Amino acid sequence: MTSFKTLDDLGDITGKRVLVRVDLNVPMEDGAVTDDTRMRATLPTVTELADKGAIVLLLSHFGRPKGEKRPDMSLSLVTRAYEGVLGRPVRYVGECQGELAAANVRDMQPGDVAILENTRFHAGEEKNDPELVRGMAALGDLYVNDAFSAAHRAHASTEGLAHVLPAYAGRAMEAELVALQKALGEPERPVAAVVGGAKVSSKLEVLRHLVAKVDHLIIGGGMANTFLAARGVDVGKSLCEHELTPIALEILDAAERANCIVHLPYDVVVSKEFAANPPSLRTCNVHEVAADEMILDIGPAAVEALADALKNCRTLVWNGPLGAFETPPFDAATVQLAQIAAALTQSGSLVSVAGGGDTVAALNHAGVADRFTFVSTAGGAFLEWMEGKDLPGVEALKH
Ligand code: ADP
Ligand code: MG
């Protein structure tokens, strides 16, 4: 099934210089890395390459310097932290191409690891400029892309390099592609998709693509309100995109033609104000929402129906929380359904793949992220994949 090469195809790489595109774009506060998830994701690939005697040269973007050398966006700021995560010395090289970089890496020995400076310090990075591609390629013998999260961009370090050096998917990239293939490429049926979150407008393409692909489309979150309203339900003062009624109806229509069952909630959790445990909190049928109430979560009967549907499914793709999960008790439906999906996954009856910034936070909050088959931390790239788009960084790896 894999149409791309992996580290298994490398052969003897002792002393070979391997340019590895990783995502070291980590969040920082007061000079400290606040979340090292992305750093840890690089470990299997970097450790394996170094152990096999490669000279490992890491390429990454960091922030949005837009072609300018910005000291506050220098990868020198994360090198010490990365060293700590990797557990071996890491050299910082103040350029990612050209003579300075070449001179800096010339004396590196098999097993050594270096971080090259922010690729976006060059305007050519985001333009996929062939000259920058050549400049970076001159530093390496091989190219490994391990940054799925940047694969939706056709940049010099994410796409260009794959055309001029022998190109391989790193271990994190490989795991991501295998999981995504299982989820929507050639999934075991029936397939369910959960699409939640705030707005329909941000996920129109996702919905359009999914209705043709999945057997059950579960709509929750704020976007369920738009669909309910389109069907004539009065959603009170809920977050709702009334102007999208025609599009919502179009999507419901397309689903019907494709034999995709759309699940909208029967009951909802509402309150008059958006606050934690508000006094006006109540659960009601979707037809009983008062004019001064807003829907902030789907209700327990809806969750029960969804649990029943999931029990008969073999595959689940999940993007977007079912309610305003940051504020209790509007996390209840998301937490419950996530726990049911995790249990089905652990029992072997369900392949579950989830992604999206807030979705990852919600699954962590539910304590189930490590019991799903795969949770993608790639935001934009995951959504574009859910839209059915080809990702340039992935396409360039295919041979
Ligand atoms: P992701 O980042 O996983 O793609 P989104 O950004 O689309 O997800 O949506 C997440 C946001 O949607 C959360 O901040 C959540 O509070 C909000 N949300 C979910 N349901 C509702 C609702 N009924 N009303 C208002 N906001 C909601
Ligand atoms: Mg989000």
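All figures in this text were calculated on a predicted structure; none of them were measured in a lab. One-based numbering, in listed order, for ligands and for the atoms of each.
For ligand 1, none of its N or O atoms has an N or O atom of Leu383 under 3.5 Å away. Residue Gly222 has at least one N or O atom closer than 3.5 Å to an N or O atom of ligand 1. Of the polar atoms of Asn319, at least one N or O is found under 3.5 Å from an N or O of ligand 1, judged by distance alone. Below 3.5 Å of separation, one finds an N or O of Ala198 facing an N or O of ligand 1. Checked against a 3.5 angstrom limit, the closest N/O atoms of Asp358 and ligand 1 fall inside it.
Close approach of ligand 1 to Gly356 is summarised as follows: ligand atoms under 4.0 Å from at least one heavy atom of the residue are 3 (O). Atoms of ligand 1 lying under 4.0 Å from at least one heavy atom of Thr359, given by number and element, are 1 (P), 3 (O). For ligand 1 and Gly357, the ligand atoms under 4.0 Å from any heavy atom of the residue are 2 (O), 3 (O).
With hydrogens left out, the protein atom closest to atom 26 (N) of ligand 1 is Leu239 CD2, 3.9 Å, a heavy atom. From the protein, the heavy atom lying nearest to atom 19 (C) of ligand 1 is Gly323 O, 3.1 Å. Protein heavy atom nearest atom 9 (O) of ligand 1, with residue, atom name and distance: Gly197 CA, 3.1 Å. Annotation: atom 23 (N) of ligand 1 to nearest protein heavy atom, Ile295 O, 3.1 Å.
Under the side-chain contact (heavy atoms from CB on, under 4.5 Å) rule, Thr158 has a single partner from Arg21, His152, His61, Glu126, which is Arg21.
Looking only at distances, no side-chain donor or acceptor of Thr42 sits under 3.5 Å from a matching main-chain atom of Val22. Side-chain N or O atoms of Arg80 include one that pairs as donor or acceptor with a backbone N or O of Val90 at under 3.5 Å.
A donor and an acceptor atom, one from each side chain of Thr345 and Thr373, are nowhere located under 3.5 Å apart. Using modelled atom types, one finds a donor on one side chain and an acceptor on the other under 3.5 Å when comparing Ser201 with Glu241.
Only the side chain of Glu326 comes within contact range of ligand 1, with a heavy atom under 4.0 Å; no backbone atom does. With a 4.0 Å cut-off on non-hydrogen atoms, Lys199 does not touch ligand 1 at all.
Scanning for side-chain hydrogen bond (donor to acceptor under 3.5 Å, both in side chains) contacts around Thr37 gives Asp35, with sequence neighbours left out. Partners of Gln339 according to the side-chain hydrogen bond (donor to acceptor under 3.5 Å, both in side chains) rule, which considers only residues two or more places apart in sequence or in another chain, do not exist here.
For the ligand labelled ligand 1, residue Lys203 lies inside the 4.0 Å heavy-atom shell. Pro321 counts as a contact of ligand 1, since one of its heavy atoms falls under 4.0 Å from the ligand.
Protein atoms of type N, O or S found under 2.8 Å from the Mg ion (ligand 2) total 1.
The shortest distance between side-chain heavy atoms of Glu125 and Met136 falls below 4.5 Å. Side-chain atoms of Met223 and Val206, non-hydrogen and from C-beta on, never get closer than 4.5 Å to each other.
Among residue pairs with one or both ends in residues 221-274, those qualifying as ring pair (Phe, Tyr, Trp, His ring centres under 6.0 Å) are His216-His263; sequence neighbours excluded.
For NZ of Lys182, the number of neighbouring non-hydrogen atoms (other residues, nucleotides, ligands) closer than 6.0 Å is 12 at most. With a 6.0 Å radius and a threshold of 12 heavy atoms from other residues, nucleotides or ligands, Lys199 has its NZ atom at or below the threshold.
Between Asp129 and Lys127 there is no salt bridge, since no side-chain N of the basic residue sits under 4.0 Å from a carboxylate O of the acidic one. Between Arg171 and Glu174, at least one side-chain N (NZ, or NE/NH1/NH2) sits under 4.0 Å from a carboxylate O, which counts as a salt bridge.
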